[in-house]
J.: 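Here it is, the structure in full.
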Amino acid sequence: MSIAFDWISAIRSMLRKELVSESHELHEDDAKSRCGPVKIHRSGKCLFVSFNALVENVRIQDRLFPLFQQMEGVGRMCDYWIFYEHAAPNVDPVRYVFLVELKSGKGDGLAQLENGKLLAEYFLAMVSHHQSGSQGDVQFRGLVFSPVHRSSKAGLQPGKIKYRATGRFGLEVAFLRDKAPHSLPSFCG
């Protein structure tokens, strides 16, 4: 993998600026949502993309799939993408796309994550094509935050995030408690 291609800068240069989130807190905009905010401590090269944004006064989720008829499931989309280059000493950085869904209820959010993965793959192919660089290997991971998931016991250090392969793509997904702080490196591995 070539690290000469500045992956995060290439993504940022093609992404609509309205979608870039500088906040460390992920949240749902729906007033009825029971899912609390999730604080993500940033580190290294990363970019947070929010699909709760407005672009020209239209919610981005209403603009994502203009080619398709109104069909159940086609317009679903995860709440965030997080692009991250995880750098460890003496190894090439590993590129991740974290597909993030904030859930109030019991649903697993898999339909939103799968649509998010399909769109992210297309987006990254376009970035690679138009920025004349290789994106190299990219690891996709799903993160579902919800009040229904268990949190770590008080006073204990959180362990390694546990993923399980699920859905049609075998996407590695972790189901985590909302309102808990996390750091980007904790999602890698």
J.: With side chains defined as the heavy atoms from C-beta onward, is the minimum distance between Trp81 and Leu19 less than 4.5 Å?
T.: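 Not touching, per the 4.5 Å side-chain cut-off.
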J.: Out of curiosity, Ile8 CD1 to Cys46 SG, how far, rounded to the nearest 0.5 Å?
T.: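 Result: 7.0 Å between the selected atoms.
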J.: Do Leu124 and Val138 have side chains that approach each other closer than 4.5 Å (heavy atoms only, starting at C-beta)?
T.: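 The answer is yes; the side chains approach within 4.5 Å.
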J.: Would you please name every residue forming a ring pair (Phe, Tyr, Trp, His ring centres under 6.0 Å) with Tyr84, sequence neighbours left out?
T.: His86
J.: Just verifying a value: how many Å separate Asp178 CG and Cys35 SG, rounded to the nearest 0.5 Å?
T.: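 So the CG of Asp178 and the SG of Cys35 are separated by 4.5 Å.
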J.: Could you check whether any side-chain N or O of Asn52 sits under 3.5 Å from a backbone N or O of His27, counting only pairs where one atom can act as donor and the other as acceptor?
T.: yes
J.: Could you check whether any side-chain heavy atom of Ile82 comes within less than 4.5 Å of a side-chain heavy atom of Tyr96, counting everything from C-beta outward?
T.: no
J.: Once you round to the nearest 0.5 Å, how far does CG of Leu102 lie from SG of Cys78?
T.: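 Output value for this atom pair is 9.5 Å.
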J.: Is the shortest side-chain heavy-atom distance between Ser43 and Pro185 below 4.5 Å?
T.: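 Ser43 reaches Pro185 side chain to side chain.
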J.: Run the salt bridge (Lys or Arg N to Asp or Glu O under 4.0 Å) test against Arg42 and tell me which residues pass, sequence neighbours left out.
T.: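 Listed in chain order: nothing, the list is empty.
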J.: Check His41 against His24 and note the closest heavy-atom contact, atom names and distance.
T.: CA-ND1, 4.5 Å
J.: Ignoring hydrogens and angles, tell me if any N or O in the side chain of Asn115 forms a donor-acceptor pair with the backbone of Arg76 under 3.5 Å.
T.: yes
J.: Report the residues that fulfil side chain to side chain contact (heavy atoms under 4.5 Å, CB included) with Tyr163, sequence neighbours left out, ordered by chain and then residue number.
T.: Phe98, Arg141, Leu143, Ile161, Glu172, Ala174, Phe187
J.: Is the backbone N or O of Glu101 less than 3.5 Å from a side-chain atom of Asp79, with the two atoms forming a donor-acceptor pair by type?
T.: no
J.: Check whether any side-chain heavy atom of Glu25 sits under 4.5 Å from a side-chain heavy atom of Val38, and report yes or no.
T.: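 SC-SC contact between Glu25 and Val38 ruled out.
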J.: What residues, two or more places apart in sequence or in another chain, satisfy side chain to side chain contact (heavy atoms under 4.5 Å, CB included) together with Ser9?
T.: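 Once residues adjacent in sequence are excluded, the partners of Ser9 under the side chain to side chain contact (heavy atoms under 4.5 Å, CB included) criterion are Asp6.
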J.: What distance separates Ile11 CD1 from Phe83 CZ, expressed to the nearest 0.5 Å?
T.: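 The CZ atom of Phe83 is 4.5 Å from CD1 of Ile11, to the nearest 0.5 Å.
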J.: What distance separates Lys103 NZ from Leu176 CG, expressed to the nearest 0.5 Å?
T.: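 If I round to the nearest 0.5 Å, the distance is 15.0 Å.
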J.: Is any side-chain heavy atom of Phe51 closer than 4.5 Å to a side-chain heavy atom of Val49?
T.: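 When only atoms from C-beta onward are counted, Val49 and Phe51 do touch, with a gap below 4.5 Å.
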J.: When rounded to the nearest 0.5 angstrom, what distance separates CG in Leu119 from CD in Glu114?
T.: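 Here the rounded value is 14.0 Å.
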J.: I'd like to check Leu171 versus Leu99 (side-chain heavy atoms, cut-off strictly below 4.5 Å). Are they in contact?
T.: yes
J.: Applying ring pair (Phe, Tyr, Trp, His ring centres under 6.0 Å), can you list everything that pairs with Phe48, at least two apart in sequence or on another chain?
T.: none
J.: I'd like to check the ring pair (Phe, Tyr, Trp, His ring centres under 6.0 Å) partners of Phe145; sequence neighbours left out, ordered by chain and number.
T.: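 Per chain and number, Phe145 pairs via ring pair (Phe, Tyr, Trp, His ring centres under 6.0 Å) with His182.
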